[in-house]
Amino acid sequence: MENINQLYLIGMMGSGKSSTGKTLSLILDWDFVDIDNEISRTYSSSINELFLEGEKRFRELEFQELKKHSLRNKTIFAVGGGAVTHQDSYDMLSSKNCIYLKTSNNILLDRLKDDNSRPLLNVKNKSEVLNQIMSQREKKYVALSRNEVITDNQSIQDNCNQIMEIING
């Protein structure tokens, strides 16, 4: 891969973007920005609280946060799973070095079964909703990413090792 100074981790909620990004930033000695955490900090609210204003409004806040940090060098970004559904965010990400952390639905469901911090999954039939969300987003993740890392049955370190191989060519 060409000389890069930013890396955007994209993929579904539960794919390991935040954990992988944190660890990768330590390996590379780069900064780490978790967009969801930055949104919560900027607006002094949880993602669940901000989602009460509607998903459209949340995606606009998410784009503003992405834009705010987009010029940072030597930075790994963990991008919210749904950012790709907002046209401005999608357009911005299309010019960035994105790596898709791809995770199968059954693994995502297992990772997220007890997680109530994700507004779109605060439902009884998580499996059905997860399948719907994935079908809306999968093509966008693939279109935006230059590389995929399949995170099923991999440790965070395994993810980082694969990304390092990608970076180092």
Side-chain angles (χ1 to χ4, degrees), residues 6-26 30-105 107-145 149 151 156 159:
Q6 293 181 330
L7 206 51
Y8 290 76
L9 302 180
I10 61 173
M12 287 288 287
M13 57 189 116
S15 63
K17 299 179 303 281
S18 297
S19 302
T20 300
K22 256 184 236 165
T23 302
L24 191 60
S25 72
L26 295 173
W30 284 16
D31 293 334
F32 173 66
V33 174
D34 183 308
I35 295 298
D36 281 352
N37 288 348
E38 294 299 316
I39 294 167
S40 291
R41 187 175 303 128
T42 297
Y43 297 96
S44 302
S45 292
S46 72
I47 299 301
N48 277 332
E49 290 167 338
L50 291 167
F51 241 84
L52 294 174
E53 298 175 32
E55 185 174 358
K56 185 177 188 299
R57 172 75 178 132
F58 177 78
R59 298 297 170 209
E60 290 165 2
L61 300 177
E62 187 174 50
F63 170 66
Q64 293 305 318
E65 209 60 46
L66 267 171
K67 195 165 73 171
K68 180 165 86 178
H69 296 283
S70 67
L71 298 177
R72 295 176 63 155
N73 285 322
K74 293 191 172 185
T75 304
I76 309 280
F77 296 89
V79 179
V84 299
T85 64
H86 184 72
Q87 193 62 51
D88 290 336
S89 296
Y90 182 91
D91 291 345
M92 182 180 160
L93 289 168
S94 69
S95 67
K96 303 296 183 183
N97 291 302
C98 294
I99 293 182
Y100 173 24
L101 299 189
K102 184 175 181 161
T103 312
S104 62
N105 283 3
I107 300 286
L108 288 173
L109 194 59
D110 188 54
R111 290 179 186 171
L112 298 169
K113 65 179 179 268
D114 299 321
D115 187 342
N116 295 318
S117 69
R118 301 171 194 269
L120 293 176
L121 284 184
N122 281 337
V123 294
K124 284 195 168 122
N125 57 346
K126 282 186 183 185
S127 176
E128 191 177 309
V129 171
L130 202 56
N131 287 333
Q132 289 170 351
I133 293 170
M134 177 64 102
S135 68
Q136 294 165 352
R137 297 178 184 174
E138 172 84 12
K139 284 186 177 121
K140 294 178 185 211
Y141 294 142
V142 171
L144 287 171
S145 62
V149 171
T151 69
I156 297 304
N159 295 346

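Numbering starts at 1 and runs along the sequence shown.
Under the side-chain contact (heavy atoms from CB on, under 4.5 Å) criterion, Leu26 pairs with no residue at all, not counting sequence neighbours. By the side chain to side chain donor-acceptor pair (under 3.5 Å) test, Lys68 is found to be paired with Thr42, Glu65, residues two or more places apart in sequence or in another chain being considered. Residues passing the side chain to side chain donor-acceptor pair (under 3.5 Å) test with Lys139: none are found, sequence neighbours excluded.
Side-chain contact between Trp30 and Thr75 is absent, with no heavy-atom pair separated by less than 4.5 Å. Within the 4.5 Å cutoff, no side-chain heavy atoms of Val84 are placed close to those of Ser89. A 4.5 Å side-chain heavy-atom check between Val129 and Ile133 finds at least one atom pair inside the cut-off.
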Legend entry - Residue pair Lys140, Tyr100: steps toward the side-chain contact (heavy atoms from CB on, under 4.5 Å) verdict: CA-CA 10 Å; Lys140 294 178 185 211; Tyr100 173 24; over 6 Å; no
Legend entry - Stepwise side-chain contact (heavy atoms from CB on, under 4.5 Å) test for Leu130 and Met12: CA-CA 9 Å; Leu130 202 56; Met12 287 288 287; 3.7 Å; yes
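In this structure, Ser15 and Leu108 approach most closely via the heavy-atom pair N-CD2, 3.7 Å. Closest non-hydrogen pair, Ala83 versus Val79, comes out as CB-CG1, 3.5 Å. Heavy-atom minimum distance, Ile76 versus Gly21: CG2-CA, 3.8 Å.
Note that CD of Glu60 is 8.0 Å distant from CD of Gln64, once rounded to the nearest 0.5 Å. Atom CG in Leu144 sits 12.5 Å away from atom NZ in Lys96 (nearest 0.5 Å). Note that CZ of Arg59 and CZ of Phe51 are 4.5 Å apart. Values are rounded to the nearest 0.5 Å. Separation of atoms CZ (Phe58) and CG (Asn48) is listed at 9.5 Å; rounding is to 0.5 Å. Rounded to the nearest 0.5 angstrom, Asp34 CG and Ser18 OG are separated by 3.5 Å. How far CG of Asn37 is from CZ of Phe32: 7.0 Å, rounded to the nearest 0.5 Å.
With hydrogens and angles disregarded, a donor-acceptor distance shorter than 3.5 Å links the side chain of Tyr141 to the backbone of Gly11. Put simply, the side chain of Gln6 gets close to the backbone of Ser70: a donor and an acceptor are under 3.5 Å apart. Ser95 contributes a side-chain N or O that, together with a main-chain N or O of Met92, makes up a donor-acceptor pair within less than 3.5 Å. Judged by distance alone, the side chain of Arg111 and the main-chain N or O of Gly14 form a donor-acceptor pair under 3.5 Å.
Ring geometry for Tyr8 versus Phe77: interplanar angle under 30°, hence parallel rather than tilted (30 to 60°).
Shown are Asn159, Leu9, Ile35, Ile99; of these, the side chain to side chain contact (heavy atoms under 4.5 Å, CB included) with Lys17 is made only by Leu9.
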